[in-house]
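So the structure is just underneath, and the comments pick up after that.
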Amino acid sequence: MPFYHSLGKIPHKRHTVFKKPDGSLYYEQLFGTIGFDGMYTNMYHEQRPTQVKEIKGSYDATPQVATEKNIKSYRFKGFQVKPAPDYLESRKVVLTNSDVDITLAAPQESTKDYFYKNSDSDELLFIHKGSGKLRTHLGNLDFKYGDYLLIPRGTIYKLDFDDEVNRLFIVESRRPIYTPKRYRNHFGQLLEHSPFCERDIRRPYELETNNESGDFLIKIKKQGRIFDMVYASHPFDVVGYDGYNYPYAFSIHDFEPITGRIHQPPPVHQTFETDAFVVCSFCPRLYDYHPESIPAPYSHSNIDSDEVLYYVDGDFMSRNDIEAGHISLHPAGIPHGPHPGAVERSIGQTETEELAVMVDTFKPLMVTKDAMEIADDKYHQSWLEH
Ligand SMILES: [Fe+2]
């Protein structure tokens with residue numbers, strides 16, 4: 001997040017002697033992205049963070065692709081993804097390309113015997129069902145329904161869930177995920193016309209500092225493989241840090257919709273951006289107020305981007321037969337638009353309760369085998385008049 005945050009204790013000057021009460025040194029680590037050009041944090045460990053004991057093995061976590069080149073629209077019934085006890089095993093990639101994996105997960109248990117770190121990607125977790133605590137080496141964040149959790153690459157984390165019914169929509173991005181640049185001023189501050197501001201961003205508030213030695217398993221994702229690395233020191237042994245690179249939470253319910261007299265295009269819903277895709281939040285809002293406005297969108301050709309919509313709650317005005325947890329894929333190359341009757345239905349309506357998350361990718365997405373198991377194979381014909 002492009003604003004400064006500090007938690008725990010840090011020395012007056014960076015890269016200087018920082019002593020423990022017993023006179024020995026804390027160990028500094030610079031935690032950054034994009035080499036030394038991106039956002040970074042300086043943190044201070046009880047023990048050296050480099051004490052690898054053993055590399056126990058690895059397994060391939062690359063998604064199994066069913067359709068590499070796709071021009072067919074799909075609807076996927078996300079809640080048909082089977083719950084699984086373990087967080088990592090519960091994650092099912094449904095759409096993928098070289099920039100991003102779009103994943104559904106229904107974990108039933110908190111992460112127990114291991115820590116997890118994704119060194120390939122930033123992870124954006126959207127909490128559809130469930131609540132709990134994201135625990136990281138940079139502090140903790142509480143989460144509940146409607147929260148986005150942005151976890152920068154390299155963050156070591158665990159998820160503690162309050163109960164066993166959890167549904168997550170996860171975007172794994174090989175490019176860093178930022179707030180939209182057009183909403184930030186020269187100094188990085190979110191501007192007045194941004195649909196959210198720094199006050200809506202929740203930063204880690206609770207630093208766990210554990211100075212244990214022993215065997216600590218970190219499952220590290222790198223190049224699509226999960227490596228089981230055993231470290232000699234507890235991964236949460238940071239006594240303090242400061243900088244710009246840390247996980248944060250933002251609730252979709254804190255997104256302030258931008259409305260107008262006539263239909264506003266999808267970019268007004270934009271919440272996050274990368275070089276390879278955007279993420280938008282469609283939130284409950286008042287409809288367009290021109291006396292002859294058509295609130296439903298017009299058909300549109302997303303000729304060079306794939307559109308993924310994840311339906312969260314409320315009636316989705318432009319679609320027939322869509323339920324919470326469904327995903328629609330409208331691929332690049334062909335137009336899509338409201339279902340039959342949706343335009344007429346929308347005229348005269350004054351507000352919508354729809355809640356959805358949209359991911360538009362600039363490269364085509366591949367459909368995975370896991371996605372095909374929950375696919376509605378006839379969705380592409382659902383615009384035909386019956
Ligand atoms: Fe669209």
Side-chain angles (χ1 to χ4, degrees), residues 6-11 17-32 40-61 84-91 105 107-121 123 125 132-143 149 151-162 164 166 204-243 245-247:
S6 177
L7 201 59
K9 53 183 181 179
I10 55 175
V17 168
F18 182 29
K19 284 186 178 173
K20 300 178 184 178
D22 69 2
S24 62
L25 293 177
Y26 288 114
Y27 299 94
E28 186 177 21
Q29 183 192 172
L30 185 132
F31 176 58
Y40 66 92
T41 279
N42 278 302
M43 54 193 178
Y44 298 87
H45 296 269
E46 288 278 5
Q47 302 192 43
R48 278 174 287 110
T50 46
Q51 299 177 74
V52 175
K53 252 184 159 170
E54 199 181 343
I55 302 170
K56 284 182 108 171
S58 68
Y59 63 90
D60 185 21
D86 178 66
Y87 170 55
L88 290 183
E89 281 175 21
S90 78
R91 289 166 58 131
Q108 294 168 302
E109 295 176 1
S110 301
T111 332
K112 280 183 191 147
D113 305 325
Y114 63 91
F115 300 82
Y116 173 57
K117 175 168 109 170
N118 191 333
S119 65
D120 287 336
S121 299
E123 294 192 352
L125 276 53
K133 185 175 282 195
L134 168 69
R135 297 169 54 204
T136 83
H137 69 291
L138 294 170
N140 299 338
L141 285 159
D142 298 322
F143 64 81
L149 297 173
I151 306 172
R153 61 202 59 205
T155 305
I156 303 169
Y157 76 86
K158 284 180 170 238
L159 286 171
D160 282 1
F161 295 106
D162 293 334
E164 62 183 29
N166 304 289
Y205 73 96
E206 185 181 63
L207 190 62
E208 290 184 44
T209 307
N210 195 322
N211 191 16
E212 272 178 63
S213 299
D215 293 325
F216 300 94
L217 176 62
I218 309 183
K219 289 181 177 284
I220 300 177
K221 188 167 189 184
K222 188 181 179 201
Q223 293 175 287
R225 289 188 82 79
I226 305 276
F227 293 88
D228 285 353
M229 305 276 289
V230 181
Y231 276 80
S233 60
H234 196 291
F236 296 172
D237 75 337
V238 173
V239 297
Y241 70 90
D242 76 335
N245 194 28
Y246 51 84

Out of curiosity, [X] [atom1] to [Y] [atom2], how far, rounded to the nearest 0.5 Å?
{"X": "Y26", "Y": "K9", "atom1": "OH", "atom2": "NZ", "value": "3.0 Å"}
{"X": "T111", "Y": "K219", "atom1": "OG1", "atom2": "NZ", "value": "11.5 Å"}
{"X": "K221", "Y": "S121", "atom1": "NZ", "atom2": "OG", "value": "6.0 Å"}
{"X": "Y231", "Y": "T50", "atom1": "OH", "atom2": "OG1", "value": "8.0 Å"}
{"X": "E28", "Y": "I10", "atom1": "CD", "atom2": "CD1", "value": "10.0 Å"}
{"X": "S6", "Y": "D242", "atom1": "OG", "atom2": "CG", "value": "5.0 Å"}

How about H45 and F18: are their ring centres within less than 6.0 Å of each other?
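Centroid separation for H45 and F18: 6.0 Å or greater.
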Evaluate the criterion salt bridge (Lys or Arg N to Asp or Glu O under 4.0 Å) for residue pair E46 and K20; output intermediate values, then yes/no.
CA-CA 8 Å; E46 288 278 5; K20 300 178 184 178; 3.6 Å; yes
Looking only at side chains, do [X] and [Y] share a donor and an acceptor under 3.5 Å apart?
{"X": "E123", "Y": "Y116", "value": "yes"}
{"X": "Y205", "Y": "D142", "value": "yes"}
{"X": "Y87", "Y": "N166", "value": "no"}

So do the side chains of [X] and [Y] get within less than 4.5 Å of each other, counting heavy atoms only?
{"X": "K117", "Y": "M229", "result": "no"}
{"X": "Q29", "Y": "N42", "result": "no"}
{"X": "I218", "Y": "I156", "result": "yes"}
{"X": "P247", "Y": "P152", "result": "yes"}
{"X": "L88", "Y": "Y114", "result": "yes"}
{"X": "S233", "Y": "P49", "result": "no"}

Whether over 12 other heavy atoms sit under 6.0 Å from E164 CD
no
Around Y40, counting heavy atoms of other residues, nucleotides and ligands shown, do more than 12 lie under 6.0 Å from its OH?
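Atom OH in Y40 is not crowded, with 12 or fewer foreign heavy atoms closer than 6.0 Å.
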Main-chain N/O of [Y] paired with [X] side-chain donor or acceptor, under 3.5 Å:
{"X": "Q47", "Y": "E212", "result": "yes"}
{"X": "K53", "Y": "F216", "result": "no"}
{"X": "S90", "Y": "A105", "result": "no"}

Between [X] and [Y], which heavy-atom pair has the shortest distance, and what is it?
{"X": "P204", "Y": "L138", "answer": "CB-O, 3.3 Å"}
{"X": "V17", "Y": "L25", "answer": "CG1-CD2, 3.7 Å"}
{"X": "I220", "Y": "S119", "answer": "CG2-OG, 4.0 Å"}
{"X": "G132", "Y": "D162", "answer": "N-OD2, 3.5 Å"}

Could you walk me through whether D120 and Q223 pass side chain to side chain donor-acceptor pair (under 3.5 Å), step by step?
CA-CA 6 Å; D120 287 336; Q223 293 175 287; over 6 Å; no
Applying the side-chain contact (heavy atoms from CB on, under 4.5 Å) criterion to T136, which one of T155, L207, V238 satisfies it?
T155
With side chain to side chain contact (heavy atoms under 4.5 Å, CB included) as the criterion, how do Y157 and L141 come out once you've worked through the C-alpha distance, each side chain's angles and the decisive distance to 0.1 Å?
CA-CA 11 Å; Y157 76 86; L141 285 159; over 6 Å; no
For side chain to side chain donor-acceptor pair (under 3.5 Å), just list the numbers for D237 and Y27, CA-CA rounded to whole Å, side-chain angles, deciding distance to a tenth of an Å, and then say yes or no.
CA-CA 10 Å; D237 75 337; Y27 299 94; over 6 Å; no
List the steps and the verdict of side chain to side chain contact (heavy atoms under 4.5 Å, CB included) for L125 and L134.
CA-CA 10 Å; L125 276 53; L134 168 69; 5.7 Å; no
Report the residue from F31, F115, Y241 that forms a ring pair (Phe, Tyr, Trp, His ring centres under 6.0 Å) with H137.
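One option only clears the test, and that one is F31.
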From CA spacing to verdict: side chain to side chain contact (heavy atoms under 4.5 Å, CB included), R153, N118:
CA-CA 6 Å; R153 61 202 59 205; N118 191 333; 5.9 Å; no
